[in-house]
Protein chains: 2
Amino acid sequence: MSEKTPALRRDAEHNRQRTLAAAQEVFAARGLQATLNDVAHHARLGVGTVYRRFPNKEALAEAVYAGKLDDIRATAQAALAGRDAYEALRAFLEHALEQAATDRGLRELIRQGTGDSEQIARARQGIVESCGHLIARAQEQGTMRDDITVDDIAPIVAMIDSVMDLPSTGAARPWRRYLALILDGLRTSAAHPGPRSS
Amino acid sequence: MSEKTPALRRDAEHNRQRTLAAAQEVFAARGLQATLNDVAHHARLGVGTVYRRFPNKEALAEAVYAGKLDDIRATAQAALAGRDAYEALRAFLEHALEQAATDRGLRELIRQGTGDSEQIARARQGIVESCGHLIARAQEQGTMRDDITVDDIAPIVAMIDSVMDLPSTGAARPWRRYLALILDGLRTSAAHPGPRSS
DNA sequence: ACCTAAGTGGATATGAAGTATCCGCTTATG
DNA sequence: CATAAGCGGATACTTCATATCCACTTAGGT
C-alpha cells in the first residue's frame with residue numbers, strides 16, 4: 001500500500017464522520033444534486049471543513065455509496081447459492097430495490113450509467129453478472145421465459161425506480177406491487193396464457 | 001369572445017409559425033429544458049422575435065402541446081366505443097405512448113403532474129376519466145383483474161416512460177415489449193397462474 | 001413613392017445557483 | 001506553551017437561463 005493517510009487529529013476524524021453521516025441523510029432525502037453547502041450545514045459544520053476532507057461532491061458521494069453498492073453486489077452474489085434461481089432473483093431484486101426506495105441518492109447513482117468511479121463500476125458489473133447467471137439458471141430450471149436476458153434487468157429496475165419517484169397518492173409503497181406484476185410476467189407459465197377464450 | 005387578436009402582419013405570422021415548428025422540434029429532441037434562445041436560433045430568428053410572441057417558455061410549450069395533448073384525450077374518449085374494453089385500453093396506451101416515444105418534451109409534460117395550464121390539466125383529466133371507464137368495463141367483461149384501478153395508469157405510464165429515457169442498447173424500441181408484459185399482467189387469467197407446480 | 005406602425009435581431013443587463021477558495025481565528029497534542 | 005492542524009463562513013468565481021432594449025428594417029396602406 002503506497003497510500004499515506006497521515007492520521008487525522010481526533011476532532012478532525014470526528015467531523016469526517018459527521019460529514020459522512022450528514023451526506024448520507026441529505027443525499028437520501030434530496031438526491032445527489034444537494035450541494036456540499038447543504039451537507040455541511042446539516043452536519044453543523046462550515047463548508048470549508050467539508051471541502052478540506054472531500055475535494056468535491058463526487059468524492060463525497062463515492063465515500064458514502066461505495067460500501068452500500070458493494071453490499072448489494074455481495075447480496076447478488078450470495079443469491080447465486082439459492083436452489084430456486086427465479087425465486088433467488090426475485091428476492092434479490094426486492095432487497096436491492098428496498099434499499100433504493102429509501103435513498104434517492106442511491107437511486108440516482110444507479111440510474112446514471114455513466115461516469116461512475118472504478119469502485120462503483122465494479123460493483124455495478126458484479127451485480128449484472130450475478131443477475132445474468134440467475135437468469136440463465138432459472139431458464140434451465142424452466143421457470144423463466146427464454147426470451148429474457150440480462151439486458152432486461154436495467155429497464156426493469158428503471159421502471160420500478162420511476163414508480164418510487166412518483167408523487168405517491170396513498171402513504172403506501174406501490175412499487176412492490178408493480179415489481180411483483182413484472183416478475184410474474186417473466187415466468188414461463190405467464191408468457192402467453194393461451195389462445196383467445198372463445 | 002372578448003379576446004382581441006389584432007391580426008399579425010404577414011411576415012410576423014410567418015415567423016410565429018416558424019417559431020412553433022422550431023419549438024416542436026427542439027422540445028421533442030432536447031426536452032422542455034431547452035432555452036428559448038435555442039428555439040430562436042433553430043428557427044433562424046432573433047431571440048427578441050420569439051419573446052415578442054410568447055411571453056415565456058411556458059406559454060410557448062403550451063402553444064406547442066395543448067393540441068397534441070387534446071388529440072390524445074380525444075383518442076382516449078374514442079376508445080370508449082370499442083367492444084373489447086381491455087383491448088381498447090391497450091390500443092390507446094400504445095398509441096399515446098407512441099407519441100411520447102418520439103417527443104421528449106411531451107414526456108416531461110406528462111410526467112410532471114404539477115403546474116400545468118388549465119387547458120392541459122383538462123386534457124389530462126379527460127384522459128384519466130376515459131381510462132377509468134375502460135378499466136371498469138374491462139372488469140365487467142371479466143378480462144381485467146379486479147384490483148386494478150385508475151391510479152395504476154399513471155405509474156404504468158411512468159414506468160414505460162422511464163424505459164424510453166434509458167440509453168437504449170440496440171436501435172430497437174424495447175418499450176413495447178415491456179408495455180405488453182405489464183398489460184399482460186393486468187389480465188384476469190394471468191393474475192396468478194395457479195398453485196405451485198409440484 | 002412614401003410614411004409609419006409593426007416587426008426584428010442579438011448584444012447585454014439581470015438574476016439565480018452551485019462550486020470552491022481564502023485567511024484570520026481556534027484547538028488538539030507533544 | 002508552541003505550533004501545526006483544523007475550522008468557519010463570507011465571498012469570489014462560474015455558469016447558465018431569462019428577458020429587455022433599442023437602433024434598424026420592412027410590410028402595407030394611401
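Numbered from 1 within each chain, the chains take letters A, B, ... in sequence-line order.
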* Ignoring backbone atoms, establish whether B:Thr49 has a side-chain N or O less than 4.0 Å from OP1 or OP2 of C:dG7. => no

* Taking all non-hydrogen atoms of both residues into account, name the closest pair between A:Lys57 and A:Phe27 and its distance. => CG-CZ, 4.1 Å

* To do: Please check the phosphate of D:dA17 (OP1 and OP2 only) for any side-chain N or O of B:Lys57 closer than 4.0 Å.
  => no

* State plainly whether the residues B:Arg111 and A:Asp165 are in salt-bridge range, i.e. N to O under 4.0 Å. => no

* Counting heavy atoms from C-beta on, name the nucleotide in C:dA20, C:dT19, D:dC7 closest to the side chain of A:Asn56. => C:dA20

* **Among D:dC7, C:dG18, D:dT18, the nucleotide that comes nearest once only the side chain of A:Ala12 is considered** => D:dC7

* To do: With sequence neighbours left out, write down each residue that passes side-chain contact (heavy atoms from CB on, under 4.5 Å) with A:Ala96, or none if nothing qualifies.
  => A:Ile72, A:Phe92

* Report the nucleotide, chosen from C:dA11, C:dA20, D:dG8, that has the shortest atom-to-atom distance to any side-chain atom of A:Leu45. => D:dG8

* To do: Taking only the side-chain heavy atoms of A:Asp11 (C-beta and beyond), determine which of C:dG9, D:dG6, D:dA19 contains the nearest atom.
  => D:dG6

* What is the nucleic acid contact for A:Arg10, judged by heavy atoms within less than 4.0 Å: base, sugar-phosphate only, or nothing? -> sugar-phosphate

* Asked: Could you state the CZ-P distance from B:Arg44 to C:dG9, rounded to the nearest angstrom?
  -> 12 Å

* Structure fact -> Side-chain atoms of B:Leu8 come closest, of D:dT18, C:dA28, C:dG7, to C:dG7

* To do: Would you mind checking if A:Glu94 and A:Arg90 are paired as a salt bridge, meaning a charged N to carboxylate O distance below 4.0 Å?
  => yes

* Please tell me which of the listed nucleotides, C:dA28, C:dA20, D:dA27, lies nearest to the side chain of A:Arg9? => C:dA28

* For D:dG6, does OP1 or OP2 lie under 4.0 Å from any side-chain N or O of A:Arg53? -> yes

* Mind calculating the distance between OH (A:Tyr51) and P (D:dT11) to the nearest angstrom? => 18 Å

* Under 4.0 Å between a side-chain N or O of A:Asn15 and OP1 or OP2 of D:dC7? -> yes

